[in-house]
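To start, the structure itself, in structure tokens.
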Amino acid sequence: MKRLQALLRAGFLQMEGLYNWAFTDRFNPLYHLGAITFFLFWVVAATGLYLYAFFETGVADAYASVQGLPQNLWGLGGLMRSVHRYASDAMVLAMVIHLLRHFAFDRFRGFRWFSWITGVALIWGVYASGVNGYMLPWDALAQFVTIASFEWLDWLPIFGGTLIRNFVHASSVNDRLFSLLAFMHIGVPLVVLLLMWVHVQRVPKADTKPPRPVALGLVGMLVVLALLQPVSSQGGAANMATAPTVLSLDWFYLALFPLVYQWPIGGVWALVLGLTLLLAALPWLGRRRRAAAEHFEVRLHEAGAAPFEARPGETLLEAGLRQGLALPYECRSGGCGVCRCTVLHGEVDPGVYQPAALPERDRAQGQVLMCCATPLSDLEIEVALTTGPREVPVFQGRVQSLQRLAPSVMRIIVALPPGQPLQHGPGQYINILLDDGQRRAFSVANRPEERDRVELHVRLVPGGRFTTHVFERMKVGDALRFEGPLGGYRMQESEHPMLLVAGATGFAPVKSIVEDAFQRGLQRPIRLYWGVRRCEDIYLPELPATWQREHPNFEWVPVISDEEPPPGWRRGLVHHAMLGDYPDLREHEVYVCGSARMVEAAVPAFMAQGLREGACASDAFLGAA
């Protein structure tokens, strides 16, 4: 079993790394399998209710009503039937992968047995619901599935052959039977929903909603599948006088049905019950010896923070969330690195995680990911923590001025109401609040002393909802709601020379940092590398030029990547320009701000050139989905 787990674990890590590259760790579907399953249930339920409105629960009418679906509401009924089918299949797939992942990472033992057992029950509940659904269209496939199911159940002594009598004569299949099947297709999913609710009760802060881009991607995938391969009935209407011989099966739900006629029925029952018992017994098979302690005490280094208890085998994140602590986390799967902490005293098992989320150099300094690390003794850890969720202030400002600094960059000055200053630090950002609750993050470009206004540098994103509004419809006097300040991208107190690397509008937080440094009279050397694609994208060239004239400790280097720059400017990638000037970064501090792709490429290169641990601060801009 350990060899199988190791093989599966290696496969999952490879796939998760690939998906992180493709979708980022925030939207990696493998980190949201449970939430995806919940979402797909609601898709199945919504489309099922739509179909039920047009379905006739009678032997003579069922097939005709299903066949008529493509003709109602311009073909929407046919689309809904196909989405219903593919969402059901996807739900089975998500559940099975979810189960395999927890098995691979050994997340089913000890206190997790309850979630595992209810998960096993859920699989068979979903299976029963799906098989029941295949009985309702009353085509040749429905005839096969219904008779095979009743023959299979009839093997049990409790029925003793009474069920199959309903199909001895065609007249035995009546409307009452159909009413029973339709009632089951409503009742069984309700039991499944109840089981899903029970399943997550012992999971602290269980997420039952996937991120919106993941949910939209799933819906889009289902619609595309439905359009490319519409679902249709098979073999015409059911005919009890003949037996269907050629059928195309849905192998997600009907894989066992050929065995009903290939094996002794008792053998099929043995396979199903044996597999179920094996899955149910896994938490206790090959069980590792219990730790001597019933729990471990985890102390937080922060003054006044109360310790919390972790059960053997429980991750630090699970234990903290279970006891109501506001710990930082996102993916909960060792892929994003948000839940890092430093172990000051004690011993932990760091668990399995993506190397990119916790590089070996950080692990060597005692850092672990709380979502993966389990305590092996009492611990003392250091983690950015508040005793409760921080209330982020919400402001209602008004647009004071709009200035187009470049063809694709707009400067917005937002005036704040009297007596409501923004207490921001250099390099922090705000979230613009849209009407539907969505957020758009922008760095604050003005220095902290200017608390009665907010300066933003907004780059036009083709098709971007908020940025298009800024460039085409926003006007002076418009109201603008935002929350903040947020983020911890700020200057350290030291005497090391500062190197600032800005990509495009990454200049905004750099402007705040530099102007704050000048305001406070810092004399250490500051050098700014500002990289853009075209010369016109250096949207405030006179500002760093003025800084360079007025402050002997400041110098700036503009870098152009996509066209020939004027004399004195550089050509290439901005971080390559900086690396070429500084082959040894051991005595420097580096601040990087720009696109996520630029930051992800630059920071490892800086570390490889000798940059010290803790001497690099970065702020990656992520586009709205």
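Starting from 1, each residue takes its place in the sequence as its number.
F105 carries R101 over the face of its six-membered ring, with the cationic atom under 6.0 Å from the centre and within 45° of the normal.
Ion pairing of E450 with R447 is present here, as a side-chain N (NZ or NE/NH1/NH2) and a carboxylate O approach within less than 4.0 Å. Look at R340 and D362 and you find a salt bridge, because one of the NZ, NE, NH1 or NH2 atoms lies within 4.0 Å of a carboxylate O, short of that distance. The pair E589-R524 meets the salt-bridge criterion, with a side-chain N (NZ, NE, NH1 or NH2) lying under 4.0 Å from an Asp/Glu carboxylate O. Contact check on D562 versus R571 returns no salt bridge, with no Lys/Arg side-chain nitrogen under 4.0 Å from an Asp/Glu carboxylate oxygen. R363 has no carboxylate O lying under 4.0 Å from a charged side-chain N of E360, or vice versa, which leaves the two without a salt bridge. Salt-bridge annotation for D106 and K2: absent, with no side-chain N of the basic residue lying under 4.0 Å from a carboxylate O of the acidic one. At a threshold of 4.0 Å, the pair E318-R332 does not count as salt-bridged, since none of the basic side-chain nitrogens sits closer than that to a carboxylate oxygen. R527 and E555 are joined by a salt bridge, as a carboxylate oxygen and a charged side-chain nitrogen come within less than 4.0 angstrom of each other.
Side-chain contact, Q400 with R453: no donor N or O sits under 3.5 Å from an acceptor N or O.
A donor-acceptor contact shorter than 3.5 Å links the side chain of R322 to the backbone of E309. Checked by atom type and distance alone, the side chain of D452 never pairs as donor or acceptor with a backbone atom of P418 at under 3.5 Å. The closest donor-acceptor contact from the side chain of R9 to the backbone of A104 lies under 3.5 Å. With hydrogens and angles ignored, the 3.5 Å screen pairs a side-chain donor or acceptor of Q523 with a backbone N or O of G521.
H457 contributes atom NE2, which lies 6.0 Å from atom CG of L405 (distance to the nearest 0.5 angstrom). To the nearest 0.5 Å, atoms CG (L325) and CE (M370) are separated by 9.5 Å. The structure places CG of N20 at 12.0 Å from CZ of F27, a figure rounded to the nearest 0.5 Å. For the atom pair CD1 (I97) and CD1 (I36), the distance works out to 9.0 Å, reported to the nearest 0.5 Å.
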query = Under the side-chain contact (heavy atoms from CB on, under 4.5 Å) criterion, do R481 and F395 qualify, and how do the steps go?
reply = CA-CA 6 Å; R481 291 180 68 248; F395 296 84; over 6 Å; no

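Of all non-hydrogen atoms in G335 and Y31, the two that sit nearest each other are CA-OH, 3.2 Å. Taking every heavy atom of both residues into account, P565 and I560 meet most closely at CB-CG1, 3.7 Å. When every heavy atom of F442 is checked against every heavy atom of Y429, the shortest pair comes out as O-CB, 3.2 Å. Listed here is the closest heavy atom pair of I430 and G484: CG2-CA, 4.4 Å.
Enclosure of atom CG in D435 is not indicated, since only 12 or fewer non-hydrogen atoms of other residues, nucleotides or ligands lie within 6.0 angstrom.
In this pair, F23 and Y19 present their aromatic rings perpendicular. The plane angle is above 60°, beyond the 30 to 60° band.
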